[in-house]
K.L.:
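Right, I'll just put the structure down here and ask away after.
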Amino acid sequence: MTVAPIRIAAAQLNLWVGDIEGNVGKIVEASRRARDELKADLVVCPELSILGYPPDDLLLRTALPRAIEDGVARLLREVRGITLIVGLPEFAPEGCYNAAWVIRDGAVIARYRKQLLPNYGVFDEKRHFLPGSGTAVFELRGVPVGVCVCEDVWGPAPAQAAKAAGARLLININASPYDLSKQRERIEVLRARSAETGLPILYVNMVGGQDELVFDGGSIGINGDGAVGFRAPVFEEGVYIAGFNGGFIGQIAAEEPEEAAVYKGLVQATRDYVERNGFPGALIGLSGGIDSALVAAIAADALGPEKVWTVALPSRYTAGMSNEDARLQAERLGVRHSVLPIEAPFGAFNQTLAEAFAGKAADITEENLQSRCRGVLLMALSNKFGQVVLTTGNKSEMAVGYATLYGDMCGGFAPIKDVYKTLGYRLARYRNTLGQVIPLRVIERPPSAELRPDQKDSDSLPPYEVLDPILEAYVEDSRSIAEIVAMGYDPATVKRVAALVRRSEYKRRQAPPGPKITRRAFGRERRYPITAVYGDL
């Protein structure tokens, strides 16, 4: 049966948690653009778009319900001539719901309360929200349209209920964080729901960085036969139009290669964290190694070179090529670059500690002192000039504790905290396809912390090509030592890596936040006790 053609605008917005006035302003502007420029009948905004996501314990603030009411009142006054679906916390006498409201010409014509509340990984919705019930179906140009919220499309019941209530199109609003597998998983879920119900489904997601999460957008329209009829680009804020006439017809943005999507996500997360927290720019200790090179490139792309300050902090063990490569990269990026040798403070610490250390051979203590000298200098610059220090540790290092507390872990944000070392190399090579800013020698030379003569990471750790798959199995998949050994890895190596992960939990608790891009990131998603015995698990 042919239905009346409908133009739907997916408002893929970058929303700021707590900024109700600013978020409502964005929703109003998106609605006006959808109506006046895109000639849309319906504009769809993301989950909790009035407040931002995840709001966490902001939902407990006693002044919040009134502020949400004021935001809704503005939408009712200012959004006219177009139907709007908007996400918000709905406060009721019995508690709070994660809701979607449908607004048309000054009236709320339908309300839906999220039914399936995720309480795993980064999600903690049962802490604040009550589960809803029922359906919400409204008519748009003769077409019954059902509404649901995010997780509701990951289970069959809400979509089936909307179908039973007469819906011929389902709108799903989201605040779905990015990870490496998420885009594939989403489309599989949407196709499953569409196959079960025969309903076309429009999935609208937000974009932007929020502390340890980054949202990728990637709004998509799946037709009743499972075909993609519309897809917005990832990590690009905008209002994207999809035509609907029994199925979706619209732009279909190309799927991004993995490295491109991850890199865009890291840039987005870094930009939003630095700018929204009021920092005038970023400081990076640029060593001439792969990790700091990647972070410097991300920062320059996120903030602009004029807001990035790289600092080389050479010691007696720093190779000449490291200083040369750091300077060359800074020049290529167009960022401010300084050189602050640490020999004098390192010598002063050694002299001060000489009596206390008498009779003790030099060991990791002196190596860590060098890292802490660097941390002190970077934090001093940060205090004096206001820029935030971006730490350069990767997930492989954070997992096994190959990092120094109050040294290279000093800083306010960790852009590659969830990036395994092997992926970091791939990202560096990808970035150079956009313009060769990272010297090739940085990518090709063996990684080293340069804290003692001829030091290499492989002196302390298994090769990253071995380490990273073991970490993925142990950290992300929670596989036992026996299961990982059965995958073909050396038993002694697996036991050693697992022990390092366990012993380093206390370090990770003191690490700055960084964006999640894997299936299970350190931080709010992986909550292990510091003091516990579980060596054989």
Side-chain angles (χ1 to χ4, degrees), residues 1-12 34 40-49 82-88 90 97-104 107-118 129 131-176 186-206 219-230 242-250:
M1 175 181 177
T2 302
V3 298
I6 299 171
R7 290 175 64 81
I8 304 174
Q12 191 167 278
D41 304 290
L42 172 67
V43 58
V44 183
C45 295
E47 179 181 9
L48 289 182
S49 44
I82 189 169
T83 302
L84 165 68
I85 299 177
V86 65
L88 71 159
E90 180 183 336
Y97 296 92
N98 184 339
W101 286 9
V102 184
I103 292 174
R104 180 183 294 160
V108 179
I109 64 170
R111 291 177 170 88
Y112 179 86
R113 293 170 171 176
K114 187 175 183 178
Q115 299 178 23
L116 305 181
L117 302 179
F129 296 116
S133 61
T135 60
V137 177
F138 68 97
E139 189 171 287
L140 184 69
R141 298 191 64 178
V143 177
V145 179
V147 180
C148 66
V149 179
C150 201
E151 190 80 2
D152 290 334
V153 84
W154 289 71
Q160 291 173 348
K163 172 75 171 181
R168 285 162 45 202
L169 165 64
L170 183 62
I171 305 289
N172 178 241
I173 66 170
N174 293 266
S176 179
R186 288 177 192 144
I187 198 166
E188 290 173 355
V189 165
L190 293 170
R191 281 175 169 156
R193 297 294 85 79
S194 185
E196 293 161 1
T197 62
L199 291 176
I201 303 173
L202 179 64
Y203 167 102
V204 176
N205 193 25
M206 67 169 59
S219 301
I220 191 168
I222 297 291
N223 289 326
D225 60 0
V228 175
F230 158 77
F244 179 78
N245 195 350
F248 295 105
I249 301 173

K.L.:
Quickly, which of Ile220, Asn223, Leu202 forms a side chain to side chain contact (heavy atoms under 4.5 Å, CB included) with Phe230? Name it, please.
P.N.:
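Running side chain to side chain contact (heavy atoms under 4.5 Å, CB included) over Ile220, Asn223, Leu202 with Phe230 returns exactly one hit, Leu202.
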K.L.:
Side chains of Leu42 and Ile82: does their closest heavy-atom pair fall under 4.5 Å?
P.N.:
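In short, these two side chains do not touch, never coming nearer than 4.5 Å.
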K.L.:
Within the 4.5 Å heavy-atom criterion, are Arg191 and Ile222 side-chain neighbours or not?
P.N.:
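Touching, per the 4.5 Å side-chain cut-off.
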K.L.:
Checking side chain to side chain contact (heavy atoms under 4.5 Å, CB included) against Ile85, which of Val44, Ile103, Val204 comes through?
P.N.:
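That would be Val44.
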K.L.:
Could you tell me if the side chain of Met206 sits less than 4.5 Å from the side chain of Ser49, heavy atoms only?
P.N.:
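With C-beta onward as the side chain, the pair stays apart.
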K.L.:
Report the C-alpha separation of Phe244 and Leu140 in whole Å, then their side-chain angles, then the decisive distance to 0.1 Å, and conclude whether the side-chain contact (heavy atoms from CB on, under 4.5 Å) test is met.
P.N.:
CA-CA 11 Å; Phe244 179 78; Leu140 184 69; over 6 Å; no
K.L.:
Quick one: are Trp154 and Pro118 in side-chain contact, heavy atoms under 4.5 Å?
P.N.:
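No, every pair of side-chain atoms sits at 4.5 Å or beyond.
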K.L.:
Using a 4.5 Å cut-off on heavy atoms from C-beta on, say whether the side chain of Pro131 contacts that of Gln115.
P.N.:
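Side-chain contact under 4.5 Å: no.
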K.L.:
Can you check whether Val145 reaches Thr83 side chain to side chain, under 4.5 Å on heavy atoms?
P.N.:
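Side chain of Val145 against side chain of Thr83, heavy atoms only: no contact under 4.5 Å found.
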K.L.:
Of all the heavy-atom pairs spanning Asn174 and Pro46, show the shortest one and how long it is.
P.N.:
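Minimum heavy-atom contact is O-CB, 3.3 Å.
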K.L.:
Quick one: pull up CG in Asp41 and CD1 in Ile8 and give me the separation to the nearest 0.5 Å.
P.N.:
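Reported to 0.5 Å precision, the distance equals 8.0 Å.
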K.L.:
Is Glu196 reaching over with its side chain to a backbone N or O of Pro156, donor-acceptor style, under 3.5 angstrom?
P.N.:
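Answer holds: no.
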K.L.:
Please tell me if the side chains of Lys114 and Phe129 come closer than 4.5 Å, counting only heavy atoms from C-beta onward.
P.N.:
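Not touching, per the 4.5 Å side-chain cut-off.
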K.L.:
Could you tell me whether a side-chain N or O of Ser194 sits under 3.5 Å from a main-chain N or O of Leu190, the two making a donor and an acceptor?
P.N.:
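Checking the backbone N and O of Leu190 against the side chain of Ser194, no donor-acceptor pair under 3.5 Å is found.
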K.L.:
Any non-hydrogen side-chain atom of Leu117 less than 4.5 Å from a side-chain atom of Tyr97?
P.N.:
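Leu117 vs Tyr97: side chains apart.
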